[in-house]
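Here's the structure we're looking at; comments come further down.
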Amino acid sequence: MKIAMMLNSDKFSILDKDIIHAFILDIEDGFVVSIDDEFLTKKNVNYISLWIISKQIKELYLQSVDDATRSYFERLGVAVKTYEDIKNNPMFIPYLI
C-alpha cells in the first residue's frame, strides 16, 4: 500500500508558496519498504488528483482537511487523514520531526 504525506514547509514557501513536499511511503506487511519524495506545485485539485492516481496512493495525510476535500478524495478510493492520525501510529512518528 502506498501512503502520501503532503508537507507544507516554510523553507520552500520562501521560493514559491505553491510548492508541496510529498513523501511517498510504500508499506508491505506493516513495514516501510521504500520512501520517495517529490515536489509538486499546487496547480489545482485535478493536477493533485492525477498525481495521486498515477502513484497509486491509498492513504493521504494532510495537515488539515475539510469535509469536502475528504469526500472528494474518498470518491477516488483514497483515505484522507490528518497529522493527528500520524501521531497515533508509531511507524510514522519520524516523519513529524
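Both backbone and side-chain heavy atoms feed into the values below; hydrogens, waters and symmetry mates do not. Computed from a prediction, not measured in an experiment: that's the story for all the values here.
- Distance check, rounded to the nearest 0.5 Å: CD of E84 to CD of Q63 gives 10.0 Å.
- Under the 4.5 Å side-chain heavy-atom criterion for grouping Ile, Leu, Val, Met, Phe, Trp and Tyr, L50 is not connected to L76 through any hydrophobic cluster.
- A side-chain donor-acceptor contact under 3.5 Å links S49 and Y72.
- Atom CG of residue D26 and atom NZ of residue K58 lie 12.0 Å apart, to the nearest 0.5 angstrom.
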Between V80 and L62, is the side-chain contact (heavy atoms from CB on, under 4.5 Å) condition met? List the steps. CA-CA 7 Å; V80 179; L62 303 170; 4.0 Å; yes
Test side-chain contact (heavy atoms from CB on, under 4.5 Å) on I20 and I48 and set out the steps. CA-CA 10 Å; I20 302 170; I48 300 295; 4.2 Å; yes
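- In this structure, E74 CD and T69 OG1 are separated by 11.0 Å, a value rounded to the nearest 0.5 Å.
- Remark: side-chain polar atoms of S71 are not paired, donor with acceptor, to backbone N or O of D67 under 3.5 angstrom.
- Nearest heavy-atom pair across L60 and M6 is CD1-CG, 3.6 Å.
- Of all non-hydrogen atoms in F73 and I52, the two that sit nearest each other are CE2-CD1, 3.5 Å.
- Taken from NE2 in H21 to CZ in F39, the straight-line distance is 4.0 Å, to the nearest 0.5 Å.
- Nearest heavy atoms, I57 versus I24: CD1-CG2, 3.9 Å.
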Check the pair I35 / F23 against side-chain contact (heavy atoms from CB on, under 4.5 Å), numbers first and verdict last. CA-CA 7 Å; I35 301 171; F23 283 101; 4.0 Å; yes
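- Nearest heavy-atom pair across Y61 and T82 is CD2-O, 3.6 Å.
- Taking the charged nitrogens against the carboxylate oxygens, K2 and E59 have no contact shorter than 4.0 Å, which rules out a salt bridge.
- Using a 4.5 Å cut-off on side-chain heavy atoms (C-beta onward), W51 and L40 make contact.
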